Amino acid sequence: MTATHSTRMLILGSGPAGLSAAIYGARAGMAPIVVQGIQPGGQLTTTTDVENYPGFRDVIQGPWLMEEMQAQAEHVGAQMMYDTIVSVDLSQRPFRLIGDGGTIYVGDTLVIATGAQARWLGLESETRLRGQGVSACATCDGFFYRGKKVAVIGGGNTAVEEALYLTNHSHDVTLIHRRDGLRAEKILQERLFAHPNIKVLWNKAVDRFVGGEGNQGLIALDLKDTRSGELSRIDVDGGFVAIGHHPATELFHGHIALDEDGYIEVEPGTTRTSVEGVFACGDVTDKVYRQAITAAGTGCMAALDAERFLAEADFETVSQHNAQHAAAAA
């Protein structure tokens, strides 16, 4: 027999945004259900040192932080479901979603916190050295490369912004791009080219991330000229892949308004989406900041928006019932 779970607030995703929404939703008495998705805990479970999450004077571990957030959410009354949603029906409330094993989830409100994944080059050496000199977030990890040589791979806005940001920590930043021109906005390009601590290598692609002996981590990049095929090597301590992010919104195409990059559109200053009763938070709506703390903040907003939505809906239902009762009595 197919299992069905019903809740006042259904949450998809269990990163900082989803779990923060669960904490606030549970404290508001909505008994939220969190469907954790394909990566329980979100991207922080693949991050080692976390030094910029408020409240911890010492460096903490990403997986530990997510374990603590989940434990807190469960402690105040949220229920975790280890499942992945494969289909959604947002045409009417309550919303109906189905997991990959056939389990049905019914929610009076829905909070989407499915996140976004960094795009990688797809090299074996890249995967092996992630967290050991290879990163996809300069804002997250740039601090660890103070006074060291770093490289950014990419040619769009993200790559240029990350290169400029890294100059706060490094006096030797190299931008590597596989073409002979950048896709970034003109004003960003002007800032990049004018910066004395940034140099650009054109028509170069990363062929291999080179690790040192033992646990030394990244020590160099092997590059291949995209025109001549010539191989070269540059010594670096950190390599930042900045070729964009992919929001996890495939489920919602045709069901909810998305922008041209696939991110869920929300009403400015809120987490409200184009569907009444559906709210979105975290990286699935954010192509600018993409930090754990900003995701957690919007998770709080989503829970508060959902609670207010339900309060208004309940008030309207009671008012309609009272009006019908009064009319019948008359």
Side-chain angles (χ1 to χ4, degrees), residues 1-15 17-37 70 72-115 248-249 251-252 254-258 264-267 269-282 284-285 295-296 298-325:
M1 184 176 179
T2 301
T4 300
H5 301 279
S6 299
T7 178
R8 296 280 275 169
M9 185 168 75
L10 180 62
I11 302 170
L12 301 190
S14 54
L19 292 178
S20 295
I23 291 167
Y24 276 81
R27 286 175 55 82
M30 292 189 284
I33 291 176
V34 179
V35 182
Q36 296 195 297
Q70 177 176 326
Q72 183 180 4
E74 290 177 313
H75 177 74
V76 293
Q79 181 181 1
M80 301 292 150
M81 302 298 294
Y82 297 92
D83 202 351
T84 301
I85 298 299
V86 295
S87 70
V88 301
D89 182 359
L90 307 183
S91 61
Q92 61 182 355
R93 292 183 54 245
F95 306 114
R96 181 184 175 93
L97 292 79
I98 301 177
D100 64 1
T103 301
I104 298 170
Y105 300 91
V106 179
D108 292 331
T109 59
L110 173 65
V111 174
I112 303 172
T114 47
T249 55
L251 267 177
F252 306 104
H255 298 280
I256 202 167
L258 308 175
I264 295 177
E265 294 184 340
V266 294
E267 182 180 324
T270 78
T271 61
R272 293 194 289 268
T273 71
S274 61
V275 178
E276 284 195 0
V278 178
F279 307 88
C281 55
V284 77
T285 71
T298 58
C300 162
M301 291 168 60
L304 296 178
D305 285 344
E307 191 275 329
R308 289 167 183 161
F309 172 84
L310 287 174
E312 292 172 3
D314 290 346
F315 177 77
E316 290 177 3
T317 299
V318 171
S319 296
Q320 291 172 0
H321 175 77
N322 290 341
Q324 293 170 355
H325 182 75

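All values below were derived from every heavy atom in this structure, side-chain atoms included, with hydrogens, water molecules and symmetry-related copies excluded. Please read these numbers as outputs of a predicted model, since none were measured by experiment. Residue indices begin at 1 and follow the sequence shown.
The distance from atom NE2 of H255 to atom OG of S87, rounded to the nearest 0.5 Å, is 8.0 Å. Separating the CD1 atom in I112 from the CD1 atom in I264 is a distance of 4.0 Å, to the nearest 0.5 Å. Taken from CZ in R272 to CZ in F279, the straight-line distance is 7.5 Å, to the nearest 0.5 Å. With rounding to the nearest 0.5 angstrom, the OG1 atom of T114 is 5.0 Å from the CZ atom of F252. Put simply, OG1 on T2 and CD1 on I98 are 8.5 Å apart, with the number rounded to the nearest 0.5 Å. Within the model, atoms CD of Q36 and CD of Q70 stand 4.5 Å from one another, a figure rounded to the nearest 0.5 Å.
Listed here is the closest heavy atom pair of A22 and V34: CB-CG2, 3.6 Å. When all heavy atoms of A306 and M9 are compared, the pair lying nearest together is CB-SD, 3.9 Å. Closest approach of V106 to I104, counting heavy atoms only: CG2-CG2, 4.0 Å. Of all the heavy atoms in G99 and V86, the pair that sits closest is O-CG2, 3.6 Å. A pairwise comparison of heavy atoms in E307 and A28 identifies CG-CB, 3.9 Å as the closest pair. Between A113 and A17, the shortest heavy-atom distance links the atoms CB-CB, 4.0 Å.
Of the candidates L110, I33, D108, T109, I33 is the only one forming a side-chain contact (heavy atoms from CB on, under 4.5 Å) with T7.
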> Can you check side-chain contact (heavy atoms from CB on, under 4.5 Å) on F95 and V278, steps first, answer last?
Replying inline: CA-CA 9 Å; F95 306 114; V278 178; 3.5 Å; yes
>> side-chain contact (heavy atoms from CB on, under 4.5 Å), that's the test. Do T285 and T271 meet it? Break it down for me.
In response: CA-CA 9 Å; T285 71; T271 61; over 6 Å; no
> Would L19 and M80 satisfy side-chain contact (heavy atoms from CB on, under 4.5 Å), going step by step from the backbone distance to the final call?
Replying inline: CA-CA 10 Å; L19 292 178; M80 301 292 150; 3.7 Å; yes
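Considering only residues two or more places apart in sequence or on other chains, S91 meets the side chain to side chain donor-acceptor pair (under 3.5 Å) condition with D89. For S274, the side chain to side chain contact (heavy atoms under 4.5 Å, CB included) partners are I256, A257, not counting sequence neighbours.
Remark: R27 CZ is loosely packed, at most 12 non-hydrogen atoms of other residues, nucleotides or ligands lying under 6.0 Å away. Within a 6.0 Å radius of OH in Y24, other residues, nucleotides and ligands contribute 12 heavy atoms or fewer. With a 6.0 Å radius and a threshold of 12 heavy atoms from other residues, nucleotides or ligands, E276 has its CD atom at or below the threshold.
The side-chain heavy atoms of L12 and L97, taken from C-beta on, include a pair separated by under 4.5 Å.
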